[in-house]
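A short worksheet on the structure shown next.
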Amino acid sequence: MPDKTVSTRYIKVDPLYPEAGAVEEAGRIIRLGGLVAFPTETVYGLGANALDGAAAARIFRAKGRPADNPLIVHVAGTDEVNFLAEDVSGAAGILMETFWPGPLALIMKAQRAVPAEVTAGLRTVAVRMPDHPVALALIKAAAVPVAAPSANLSGRPSPTTARHVLEDLDGRIDAVLDGGATGIGVESTVLDLTAPVPTVLRPGGITPEDLKGVIGGVRVDPAAASGLFGGGRHRAPGMKYVHYAPRAPLYLVEGRPEAVAVKITELAHAQRAAGKRVGILSYSDSRDFSSVGEVVLAGLKEKPETVAAELYAALRRFDELNVDLILAEGLEDRGVGLAVMNRLRKASGGRIVRA
Ligand code: TXA
Ligand code: MG
């Protein structure tokens with residue numbers, strides 16, 4: 001199949017009861033080596049046959065993704081995991097039983113069947129079973145495991161609607177299944193089970209607290225907590241790239257909530273005085289900043305899961321508002337707030353202002 005300009009088929013499906021015909025067609029495209037974007041409970045994924053190295057390579061070209069950043073393999077049932085991973089350990093079994101289908105990708109030792117294009121040459125593979133009827137129906141229809149990164153151009157915010165997918169990838173992929181907006185809104189938690197102590201490499205919908213409740217000892221990789229690149233080696237190759245970034249530079253303001261509000265107001269005034277168009281990322285339960293900038297609200301800061309659900313759409317909204325810079329209000333690193341702050345710190349590329 002071509003991988004330059006293709007005409008991208010738009011296929012609308014009912015997320016509650018995906019139509020068999022539409023899903024069969026999309027599954028066939030994947031089985032034959034093509035690329036199909038589809039909704040999951042986290043964000044939209046860009047799927048290809050995970051057992052076909054050439055198909056996986058096409059994902060990297062469509063996204064402009066660095067070749068050393070491995071893909072997550074999506075399955076529709078736990079039986080398929082033994083075919084992809086070795087030594088599916090006791091902890092893996094308990095975690096799959098507790099959290100699958102759901103936003104938890106498990107890194108295990110890879111079987112030989114997994115092509116190097118998928119693992120980026122690593123000896124490990126990340127596997128997850130998504131909790132979305134369209135995703136599960138698609139994987140079953142394809143009858144192969146489906147490798148899928150988020151369906152955005154590399155470096156852009158992940159897509160939470162089919163419209164976001166087309167903004168980035170129209171003409172670069174074979175089809176998109178539109179099953180409506182995704183629920184969680186940030187990518188899955190990535191947990192490395194090959195480390196001496198299971199280690200969260202990317203925070204997501206399943207929190208470290210949730211994991212500790214089930215398997216006891218869990219570490220959070222310091223780079224995952226900070227969202228910044230740190231020194232040293234990166235266990236999840238994806239952690240070293242600038243990510244989730246809107247077009248305008250984003251400044252993340254962190255500190256006590258009162259001090260953050262004062263700092264944002266002060267910075268917004270100064271930037272406006274300098275002739276800049278200022279965007280402010282805030283929340284419905286925060287101070288009203290509408291007199292000092294173009295405000296985009298993303299959920300309630302007291303309920304970080306509501307912020308996660310709206311975060312990427314909010315970041316993309318700033319592109320439409322054509323702002324020169326964005327001041328983002330930081331949240332507490334607690335519960336899903338850790339995943340939100342990880343994405344905001346990455347989106348800031350290190351422009352963190354302490355209030
Ligand atoms: O929620 C999600 O996980 C979404 C949906 C589509 O399922 N997918 C997603 O994929 O976010 P992607 O490619 O955007 O992020 C995959 C992350 C990257 O940070 C990558 O480096 C890491 O998982 N990863 C994948 N395989 C790995 C491995 N074998 N070892 C370490 N890190 C791995
Ligand atoms: Mg991604």
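Predicted model, so just to flag it, every value in this text is computed and none were measured. First listed ligand is number 1; within each ligand, the first listed atom is number 1.
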Show me which atoms of ligand 1 lie under 4.0 Å from any heavy atom of [X].
| X | value |
| --- | --- |
| G45 | 6 (C) |
| S188 | 1 (O), 2 (C), 3 (O) |
| H74 | 5 (C), 6 (C), 7 (O) |
| T42 | 1 (O), 2 (C), 4 (C), 5 (C) |
| T124 | 28 (C), 29 (N), 30 (N) |
| I72 | 3 (O), 10 (O), 16 (C) |
| N69 | 18 (C), 20 (C), 21 (O) |
| L122 | 28 (C), 29 (N), 30 (N) |

Is it true that E187 and S158 share a donor-acceptor pair across their side chains at a distance under 3.5 Å?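 Result is yes, a qualifying pair exists.
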Could you tell me whether the side chains of R128 and T42 share a donor-acceptor contact shorter than 3.5 Å? yes
Is ligand 1 less than 4.0 angstrom away from at least one heavy atom of I107? yes
Compute the minimum heavy-atom distance from P103 to ligand 1 and say whether it is under 4.0 Å. no
Enclosure of E97 CD (heavy-atom neighbours >12, cutoff 6.0 Å): no
For ligand 1, is there an N or O atom under 3.5 Å from any N or O atom of [X]?
| X | result |
| --- | --- |
| S150 | yes |
| Y44 | no |
| E187 | no |

Which one of K301, E329, R287 satisfies the side-chain hydrogen bond (donor to acceptor under 3.5 Å, both in side chains) criterion with S282?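 Filter result, single survivor: E329.
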Would you call [X] and [Y] a salt bridge, using N to O less than 4.0 angstrom?
| X | Y | result |
| --- | --- | --- |
| R277 | D324 | no |
| D333 | R345 | yes |
| R334 | E332 | yes |

Side chain, backbone, both or neither: the part of R123 lying under 4.0 Å from ligand 1 by heavy atom: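 Near ligand 1, R123 shows nothing, with every heavy atom at 4.0 Å or more.
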Applying a heavy-atom cut-off of 4.0 Å, say which part of P149 lies close to ligand 1: side chain, backbone, both or neither.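 Near ligand 1, P149 shows its backbone as well as its side chain.
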Per salt bridge (charged side-chain N to carboxylate O under 4.0 Å, His left out), D168 is matched among R316, R163, K63 by R316
Of all the atoms in S150, is at least one N, O or S atom closer to the Mg ion (ligand 2) than 2.8 Å? yes
May I have the step-by-step check of side chain to side chain contact (heavy atoms under 4.5 Å, CB included) for F38 and Y44, ending in yes or no? CA-CA 5 Å; F38 61 97; Y44 272 73; 5.5 Å; no
Backbone of V340 reached by a side-chain donor or acceptor of R343 within 3.5 Å: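 Such a contact is absent between R343 side chain and V340 backbone.
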